[in-house]
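Notes to accompany the following structure.
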Amino acid sequence: MSLKDKLVSSFMAFENNVDVEHPVHEVRVDALKNFESKGFPSKKEEAWKYTSLKSLENVDFSIFPKEKNTLEYKEVKEYFINEIDTYKIVFVDGIFSSYLSETTHDGVDICLMSSALSKPMYKQIIEVYFNKIASKDDSLTSLNTAFSKEGAYIYIPKNKMPKKPIEIVHFATGNEASLMLQPRNLIVVEENAEVQILERHQSLTSNEVLTNSVTEIFAADSAIVDYYKIQNDAENASLIDNTYVNQKNKSVVNVHTFSFGGKLTRNNLNFYQNGEYMDSVMKGVTIIGAKQHVDHHTLVHHIEPNCESHQDYKGIFAENSTGVFNGKIIVDKIAQKTNAFQQNNNILISDKATINTKPQLEIFADDVKCSHGCTIGQLDEDAMFYLQSRGIPQKEARALLMYAFANNVLASVRIPELKIRINKLIATKLGVNLGFDL
Amino acid sequence: MAYTEEELKKELETKEYEYGFYTDIESETFPVGLSEEIVIAISKKKEEPEWMTLWRLEAFKIWKEMEEPEWANVHYVKPDFQAISYYSAPKKADPNKTLDDVDPELLEMYKKLGISVDEQKKLQNVAVDIVMDSVSVATTFKKTLGEKGIIFCSISEAIKEHPELVKKYLGSVVPKTDNFYAALNSAVFSDGSFCYIPKGVRCPMELSTYFRINQAGTGQFERTLVIADEGSYVSYLEGCTAPSRDENQLHAAVVELVSLDDAEIKYSTVQNWFPGNKEGKGGVYNFVTKRALCEKNAKVSWTQVETGSAVTWKYPSCILKGDNSIGEFYSIAVTNNYQQADTGTKMIHLGKNTRSTIISKGISAGKSHNSYRGLVQVSSRAENARNFSQCDSLLMGNECGAHTFPYIEVKNKSAMIEHEATTSKIGEDQIFYCNQRGIDTEKAIALIVNGFSKEVLNKLPMEFAVEAQKLLEISLEGSVG
C-alpha cells in the first residue's frame with residue numbers, strides 16, 4: 001500500500017480518537033479530501049522541481065505510535081539549551097511528555113494543541129485562528145491539517161512577554177521501525193507582546209522518521225516574534241516544515257533556520273504581510289554533507305505599503321549533498337514603498353555536491369526597492385594563504401573562513417546561549433576545534 | 001511646454017502603430033489546417049529532396065504527440081493550429097529577376113520601413129536577404145560574399161545546393177524533439193536564412209535579414225541556420241516589423257547557431273512586431289527557439305532588443321560544450337499596454353573554463369508584464385566555469401508587473417556564479433533634475449531609459465543601435481504618469 005493510501009485509510013481510526021463534534025473536525029475532513037485528490041507533490045510541480053519525496057513514499061511508516069515511551073531527562077539533556085531556564089513543550093514519539101515539559105498558564109498560555117482543541121475556554125481563539133493562514137491548497141499542509149491533534153499551543157495576550165524562552169522539542173525514540181509524525185503548532189502573539197521560541201526535532205536512533213509539521217504564527221500590531229529552528233537531526237530523519245506567518249501593523253517576525261542534519265529537509269516558510277510598517281526577517285545557515293538534502297522554499301507576500309522584508313541564506317555543501325533555495329517575493333499593486341531584499345550565498349566544497357537556486361521576484365507595484373543577489377563560489381584562495389602563512393593549519397583556516405561566511409546570520413540571534421550552541425554545532429559540523437569561544 | 005500633459009497623453013494614446021500598414025500583394029496561400037498532406041505539399045512546393053520531406057514528416061509525427069507548454073508566465077488565447085495556413089508566397093517573386101524587376105509594391109513597402117534595398121546595398125555595406133512571407137525575394141551582395149566562400153542564402157536554396165551542410169547541422173542544436181514549437185517549426189518551416197562561413201574567414205560585412213509577416217492568417221515559421229567554421233567570424237542582424245492585424249498571428253521560429261573551434265558569432269535582433277493596440281487587441285505571438293552550440297574556444301553573443309509582439313516567449317541559449325568557450329546574452333525587453341514578455345536565456349556550461357555573461361534589462365509600462373526567466377547550469381565536469389548575471393527591471397506606473405525567475409543549478413565546486421537582480425522605478429529626483437534644466441518629462445524618461453539600456457545598446461552594431469534607440473522611445477511613448 002502506498003503511503004498516501006495508508007494515510008487516507010487510517011483517517012477512520014484517527015476519528016475514533018478525536019472529538020468529531022468539534023468545528024475543527026470539519027476542517028480536517030475538507031483537508032483530507034484535498035490531500036486525497038492531490039497526493040504527495042511530484043517533481044513535475046514547479047515548487048518541487050528539485051526535491052523528490054519518492055524515496056519516502058515507499059517507506060512503510062507507522063502513523064500512530066503503539067505505546068507511550070518515556071525518556072529520562074539526562075538521556076536527552078544535551079538537546080535542550082540547558083544553560084538557561086526555559087519553558088518546555090516536549091513530545092516523545094508524537095505524544096506529550098509531561099515529565100520532560102514545563103508548561104504554564106500564568107498570564108500566558110504555553111501548553112498543548114490537544115487541550116486547546118478540547119477545552120471550551122480556548123474555543124473562541126481556535127475558531128479565529130486555527131487553519132486561517134495555513135494553505136488550504138497545499139497537499140502536505142492539508143495532510144497535516146487532516147491529522148491535526150497534537151502540537152504546541154502558545155497564546156501571548158496583549159502587552160505580555162513570557163519570562164523565559166520556549167522550547168518545543170520532538171523526540172523520536174526509535175521504538176517503531178519507521179515513524180511518521182505530524183505536529184501542529186499554533187502561536188498567537190497579541191498586540192505589543194513578545195515571544196522567543198526554539199523548535200527542534202530529534203531522532204534518537206537511526207530508524208526512519210518523517211515529520212510533516214505545520215506551524216501557524218499570528219503576530220498582531222507591534223508584536224515581536226523570534227523563532228529559531230534547529231535542524232540537526234539523525235541521518236535517517238526527514239522533515240517537511242510548513243510555517244505560515246501572518247503579520248499586522250508594525251510587527252516584527254524573525255525566523256532563523258539552522259540546517260545541519262537530517263536526510264531530507266524541506267522548509268516552506270511563508271510570510272503574509274497584512275499591514276503596514278512591518279519587518280519580516282528570514283535567515284538561515286545550511287551546512288550539510290553525505291547525501292543530505294536541504295530545500296529552503298520561502299515566500300514573502302507584500303500585501304500593503306511601507307513594509308520591509310530581509311532574507312539572508314548561507315549554504316555550505318560538501319560530499320554528495322544537495323542544496324535548494326527558492327525564494328519568492330510578491331509585491332502587490334498597492335504595496336508601494338516596499339523594500340524587499342533577498343540574498344543567497346553558497347559554497348560548494350565537493351564536486352559531487354549540487355546547488356539549485358531560484359530567487360524569484362514578482363512585482364506589481366512601481367515605487368519599490370527590490371533586489372536579490374545570489375552567488376555560488378569557493379573559499380578565497382588568497383584568504384586561505386594569508387591564514388596559512390600565519391601558522392593556522394589548513395583545516396582550521398578553512399573552518400574559520402566558513403564560519404566567517406555564516407556569521408552574518410548568527411549575528412542576529414538574540415539568545416546568547418543559543419548562539420554559543422549554534423557555534424559549537426558549526427564547529428562540529430566542520431570537524432574542527434577552533435580553540436576559542438566563537 | 002507646447003502640450004499640456006493631458007493633450008500629450010491623448011495624442012499618444014490614439015497614436016497607432018507607425019508601421020501598421022498592409023501591402024496588397026497577390027499571394028499564393030495554402031488552405032488552412034495542418035496534416036501530413038500539407039507537410040508533404042510544403043516540401044513539394046519548395047522542390048525539396050526526399051530526405052528533407054522525411055525529416056519534416058518525422059517532426060510532424062513528434063509534434064502530434066506533444067502538448068502545448070503552459071509554464072510560461074504569459075496568458076493568451078491558444079492558437080488554433082488547424083486555422084492557420086502554413087504556406088504563403090508572394091506570387092510575382094522570381095529569384096532570377098534583378099532588383100529592378102521586383103514588384104514595385106514590394107519596394108514601396110521596404111521604403112516605408114526604411115529599408116531601401118539598393119540604398120542599403122550601396123551605402124550601408126549590408127547584405128540584405130529579405131524574407132517576406134516565407135520566400136526570399138531579393139538577395140544582395142551574394143557575389144562579394146561568394147568570393148570569400150561565404151554562403152548566405154535562403155534555407156530552401158541551401159537544402160537544394162548544399163545538402164551536405166544542411167543535413168549535418170539542421171536540427172543538431174535544436175532537435176525536432178526539443179519542444180512543441182520547435183517540432184512544429186521543423187515540420188512546416190517555410191523558409192529562412194542559411195549562412196556558412198568557411199574556415200578562418202572573417203565575414204567582411206554585417207549580414208542582415210529583415211523578416212516581415214504580411215499575409216493575414218499565415219503563421220511565419222522561419223528557420224535560420226548559421227554555421228561558423230573553425231576560426232571564422234560573423235555578425236548577423238535580424239530585424240522585424242509586422243503590419244497591423246486584428247487576429248493574433250503566430251510566429252514560431254527556430255534559430256540554430258553552430259560556432260566551431262575558435263569561431264565567433266554575434267547575433268543581434270531587433271524585434272518590433274505589432275504589439276496589439278492599446279486595448280490589448282491583436283498583436284503577434286512570438287514563440288521562438290534560439291540556441292547556439294559553442295565548440296572549443298568559440299564565442300557566441302546574443303543581443304536583442306524586444307519591443308514588439310503581444311506575447312513573447314523566447315530564450316536565446318548557449319551550450320558551452322567546448323573548453324574555454326564563451327556565451328554572452330544582452331537583452332532589452334520593453335513592454336507597454338497589454339504586452340507580455342517571458343524572455344531570458346540559458347547558459348549550459350559543459351566544457352572546462354567556460355564563461356558566460358547575462359545582462360538583461362526589462363522595462364514595463366502600462367498594463368504589461370515582463371518576466372526574465374534564465375537558467376545557468378554548470379555540469380559536474382565543467383571546471384572553473386564562470387557566470388555573471390544581472391537583471392534589472394524598471395517599472396513605470398502601478399499597473400504593470402516585473403518578474404524574475406532565475407534558475408541556477410551548479411554541480412561543480414570550482415564554479416563561480418554571481419546573480420544580481422533589482423527592481424525599481426525611475427527616481428522622482430532624476431526627473432526633477434531634468435525638468436529643472438528645461439527637459440520635459442517625456443524626454444527625461446527617454447533619457448533615463450536610454451541610460452538604463454546603454455549597456456545593451458552598446459553591444460548592437462551601429463546600424464541597429466540607432467534604430468533600437470528610436471524603437472525604445474516609440475514603445476514607451478505615452479507611458480509617462
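Every heavy atom of this structure was used, including side-chain atoms; hydrogens, water molecules and symmetry mates were not.
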*Using a cut-off of under 4.5 Å on heavy-atom pairs, state which of Ile329(A), Asn344(A), Asp367(A) scores highest against chain B.*
Asp367(A)
_So for atom NZ, which belongs to Lys38(A), do other residues, nucleotides or ligands contribute more than 12 heavy atoms lying within a distance under 6.0 Å?_
yes
*Report the residue from Thr338(A), Val331(A), Leu361(A) that forms a side-chain contact (heavy atoms from CB on, under 4.5 Å) with Thr423(B).*
Leu361(A)
*Quick one: does Lys328(A)'s side chain get under 4.5 Å of Phe405(B)'s, heavy atoms only?*
no
*Where on Gln336(A) is there a heavy atom nearer than 4.5 Å to chain B: the side chain, the backbone, both, or neither?*
side chain
*For chain A, which of Ser414(B), Gly374(B), Ser424(B), Ser380(B) has the most heavy-atom pairs under 4.5 Å?*
Ser414(B)
*Non-hydrogen atoms of chain B under 4.5 Å away: do they reach the side chain of Thr357(A), the backbone, both or neither?*
both
*Do other residues, nucleotides or ligands put more than 12 heavy atoms under 6.0 Å from the NZ atom of Lys136(A)?*
yes
_For the NZ atom of Lys358(A) and the CG atom of Leu375(B), what is their distance to the nearest 0.5 Å?_
11.0 Å
*Which of the residues Val368(A), Asn346(A), Ile355(A) is involved in the greatest number of heavy-atom pairs with chain B at under 4.5 angstrom?*
Ile355(A)
*Can you say whether Tyr50(A) sits under 4.5 Å from chain B via the side chain, the backbone, both, or neither, judging by heavy atoms?*
side chain
*asked:* Is it the case that atom NZ in Lys425(B) sees more than 12 heavy atoms from other parts of the structure closer than 6.0 Å?
replied: yes
_Looking only at heavy atoms and a cut-off of under 4.5 Å, which of Ile417(B), Thr422(B), Leu395(B) has the most pairs with chain A?_
Ile417(B)
*Nearest-0.5 Å distance that lies between atom CD1 in Ile376(A) and atom CD in Glu409(B)*: 9.5 Å
_Can you tell me which of Asp351(A), Thr375(A), Asn345(A), Ile347(A) forms the most heavy-atom pairs within a distance under 4.5 Å of chain B?_
Asp351(A)
*How close do Pro406(B) and Pro359(A) get, heavy atom to heavy atom, and via which atoms?*
CD-O, 2.5 Å
*More than 12 heavy atoms of other residues, nucleotides or ligands under 6.0 Å from NZ of Lys263(A): is that the case?*
yes
_Measuring only between side-chain heavy atoms, which start at C-beta, is Ser393(B) closer than 4.5 Å to Ile363(A)?_
no
_Under 4.5 Å from any heavy atom of chain B, what part of Lys49(A) do you find: side chain, backbone, both or neither?_
side chain
*Side chain, backbone, both or neither: which part of Glu46(A) has a non-hydrogen atom closer than 4.5 Å to chain B?*
side chain
*Most contacts with chain A, counted as non-hydrogen pairs under 4.5 angstrom, among Met416(B), Gln390(B), Glu428(B), His369(B)*: Met416(B)
*With side-chain contact (heavy atoms from CB on, under 4.5 Å) as the test, would you mind laying out the steps for Ile349(A) and Lys413(B) before giving the verdict?*
CA-CA 5 Å; Ile349(A) 49 180; Lys413(B) 67 170 179 181; 5.6 Å; no
*asked:* Just so I understand: if I count every heavy-atom pair under 4.5 Å between each of Asp392(B), Asn412(B), Ile426(B), Val410(B) and chain A, which residue has the most?
replied: Val410(B)
*Decide if atom CZ of Arg398(A) counts as having more than 12 heavy atoms of other residues, nucleotides or ligands within a radius under 6.0 Å.*
no
_Within 6.0 angstrom of Phe180(B) CZ, more than 12 heavy atoms from elsewhere_ = yes
_Below 30° counts as parallel, above 60° as perpendicular, anything between as tilted: where do the rings of His419(B) and His372(A) land?_
tilted
_Report which part of Gln377(B) has an atom under 4.5 Å of a heavy atom belonging to chain A: side chain, backbone, both, or neither._
neither
*Using the side-chain contact (heavy atoms from CB on, under 4.5 Å) rule, take Gln360(A) and Tyr407(B) through it: C-alpha gap first, then chi angles, then the decisive distance, then the call.*
CA-CA 9 Å; Gln360(A) 199 174 327; Tyr407(B) 293 75; over 6 Å; no
*asked:* Other residues, nucleotides and ligands only: do more than 12 of their heavy atoms fall within 6.0 Å of CD on Glu381(A)?
replied: no
*Select, from Ser371(A), Cys374(A), Gly377(A), the one with the greatest count of heavy-atom pairs under 4.5 Å involving chain B.*
Cys374(A)
